[in-house]
Amino acid sequence: MKNIVLTGFMGSGKTTIGKLIAEKLKIDLVDTDSEIIKEFGLTIDRIFEIYGEKKFRECERKVIERVSKLENVVISTGGGVVLEPENIRLLRENGVIYFLYASPDTILKRLKDDNSRPLLKNGDKLSNIIRLLNLRMPFYKNCDFEINTDILTPELVAEKIISIHMTKESRK
Ligand code: S3P
C-alpha cells in the first residue's frame, strides 16, 4: 500500500489523526518531528533556539529523504515540510499526500495554551497564524487531497482519509 502522508499547519491534527489511521489500519506511524527530536536529542523548541531554523530544515530534509523510502506506513509531517518542493516530490514517490485544513480560529483554539511551536512564540498568536497560513496555502494546495478538519472529529477525518486511500488503492 502507498504511504498515507499527512500535511497541514501546526494544530491541524496531523499527529492525532495519524495515530488513529495507524491504529485502524494496523500499520506503523512515523512522525517527522519525533524523528528530528531523536536526531538532536532535543525538543523542537530547543533545536530552533540553539541551532536555528536553517539547521532544523536541513535535518527535516534528511528525515524526509529517509522516511519517504518506507512503504505501508502513515507519515505525519511537520507543518513546514511542504515549503521544500523536493520534500513533496520524495514523499509522493511512495505516498499519497493529504492536506488537513484548519481555519485560523480553529488553530488558535487548539494551540492557545501551547508554547512548543517556536514559529508562533513571538508576538500575537492569531496574527502569526494568519500570516504564515496565507504564505503557505499555495504549498498546501499542491497536495493530493484536502480535508477540512474544522467541522469533523479526528475519528471522522481518519475514516475519511482511509476511505479515500482504500478506494485509490483498489483502483490500481
Ligand atoms: C513547524 C511545525 C512544527 C515543527 C516546527 C516547525 C512549521 O510541526 O515542525 O515547529 O514550520 O510549521 P507541527 O506542524 O507538527 O506542529
Residue pairs, two or more places apart or on separate chains, that pass salt bridge (Lys or Arg N to Asp or Glu O under 4.0 Å) and touch residues 4-17: none
I'd like to know if the side chain of T167 reaches the main chain of S163, judged simply by a donor and an acceptor atom lying under 3.5 Å from each other, with no hydrogens or angles considered. yes
Determine the minimum heavy-atom distance between I4 and L25, stating which atoms define it. CD1-CD1, 3.8 Å
Working for side-chain contact (heavy atoms from CB on, under 4.5 Å), residues V5 and V96: CA-CA 6 Å; V5 181; V96 181; over 6 Å; no
Is there a path of hydrophobic side-chain contacts, each under 4.5 Å between heavy atoms of I, L, V, M, F, W or Y residues, that connects I27 with V30? no
Is there a path of hydrophobic side-chain contacts, each under 4.5 Å between heavy atoms of I/L/V/M/F/W/Y residues, joining I129 to V81? yes
Taking the side chain as C-beta and beyond, is there a heavy-atom pair between I107 and S12 under 4.5 Å? no
With a 6.0 Å cut-off (strictly less than), is the heavy-atom count around NZ of K19, excluding the residue itself, greater than 12? no
Take S103 and D105, measure what side-chain hydrogen bond (donor to acceptor under 3.5 Å, both in side chains) needs, and give me the verdict at the end. CA-CA 5 Å; S103 68; D105 284 343; 5.5 Å; no
Give me the atom names and distance for the closest heavy-atom approach of R117 to M10. CG-SD, 3.1 Å
Would you name the heavy atoms of T77 and L6 that are closest together and state the gap between them? OG1-O, 2.7 Å
Checking the side chain of N3 only, and the main-chain atoms of L70 only, is there a donor and an acceptor separated by less than 3.5 Å? yes
Between N148 and D150, the two heavy atoms sitting closest are OD1-N, 2.8 Å
Interatomic distance, CG@L156 vs CD1@I17, rounded to 0.5 Å, equals 10.0 Å
With side-chain contact (heavy atoms from CB on, under 4.5 Å) as the criterion, how do K38 and E35 come out once you've worked through the C-alpha distance, each side chain's angles and the decisive distance to 0.1 Å? CA-CA 5 Å; K38 270 192 245 163; E35 295 299 309; 3.1 Å; yes
Step by step, would you call I97 with R92 a side-chain contact (heavy atoms from CB on, under 4.5 Å)? CA-CA 7 Å; I97 308 179; R92 210 174 248 139; 4.2 Å; yes
Kindly check if the number of other-residue, nucleotide or ligand heavy atoms within 6.0 Å of NZ (K24) is above 12? yes
Does the side chain of T15 come under 3.5 Å of the side chain of D31 through a donor N or O and an acceptor N or O? yes
To the nearest 0.5 Å, atom CZ of F48 lies from atom OG1 of T43 at 10.5 Å
Show every ring-ring contact (aromatic ring centres under 6.0 Å, His included) that has at least one partner inside residues 25-45, sequence neighbours left out. F40-Y51
Could you tell me which residues satisfy ring pair (Phe, Tyr, Trp, His ring centres under 6.0 Å) with Y140, sequence neighbours excluded, listed by chain and number? F99
Distance check, rounded to the nearest 0.5 Å: L120 atom CG versus N115 atom CG? 10.0 Å
Heavy-atom closest contact (D144 atom, G95 atom, distance): OD2-O, 4.4 Å
What is the distance from atom CD of E60 to atom OG1 of T32, rounded to the nearest 0.5 Å? 5.5 Å
Any non-hydrogen side-chain atom of S116 less than 4.5 Å from a side-chain atom of D45? no
Shared ILVMFWY cluster between L152 and Y101, side chains joined below 4.5 angstrom? no
Pairs flagged by ring-ring contact (aromatic ring centres under 6.0 Å, His included) wherever residues 144-172 is involved - sequence neighbours left out: Y98-F145, Y98-H165
State plainly whether one hydrophobic cluster holds both M1 and L20, where clusters connect Ile, Leu, Val, Met, Phe, Trp and Tyr through side-chain heavy atoms under 4.5 angstrom apart. no
Judged by atom type as modelled, is there a donor-acceptor pair below 3.5 Å linking the side chain of R171 to the main-chain atoms of M166? no
Considering all heavy atoms of both residues, which atom of A102 and which atom of T149 are nearest to each other, and what is their separation? CB-OG1, 3.6 Å
Going by side chain to side chain donor-acceptor pair (under 3.5 Å), name the residues that satisfy it together with E93, two or more places apart in sequence or in a different chain. R89
Rounded to the nearest 0.5 Å, what's the gap from CG on N122 to CG on N128? Could you check? 7.5 Å
Show your reasoning for whether side-chain contact (heavy atoms from CB on, under 4.5 Å) applies to N94 and S68. CA-CA 7 Å; N94 274 349; S68 59; over 6 Å; no
Using side-chain heavy atoms (C-beta onward) and a distance below 4.5 Å, is C143 in contact with V82? yes
Do E39 and K62 meet the salt-bridge criterion of a basic N to acidic O distance under 4.0 Å? no
How long is the gap from CD1 on I130 to CG on L126, to the nearest 0.5 Å? 4.0 Å
With distance as the sole test, does D28 use its side chain to make a donor-acceptor pair with the main-chain N or O of V73 at under 3.5 Å? no
Not counting sequence neighbours, list each pair that qualifies as a salt bridge (Lys or Arg N to Asp or Glu O under 4.0 Å) and has a residue in residues 68-85. R61-E84
If Ile, Leu, Val, Met, Phe, Trp and Tyr residues are connected whenever their side-chain heavy atoms lie under 4.5 Å apart, and connections chain through other members, are I75 and I44 in the same group? yes
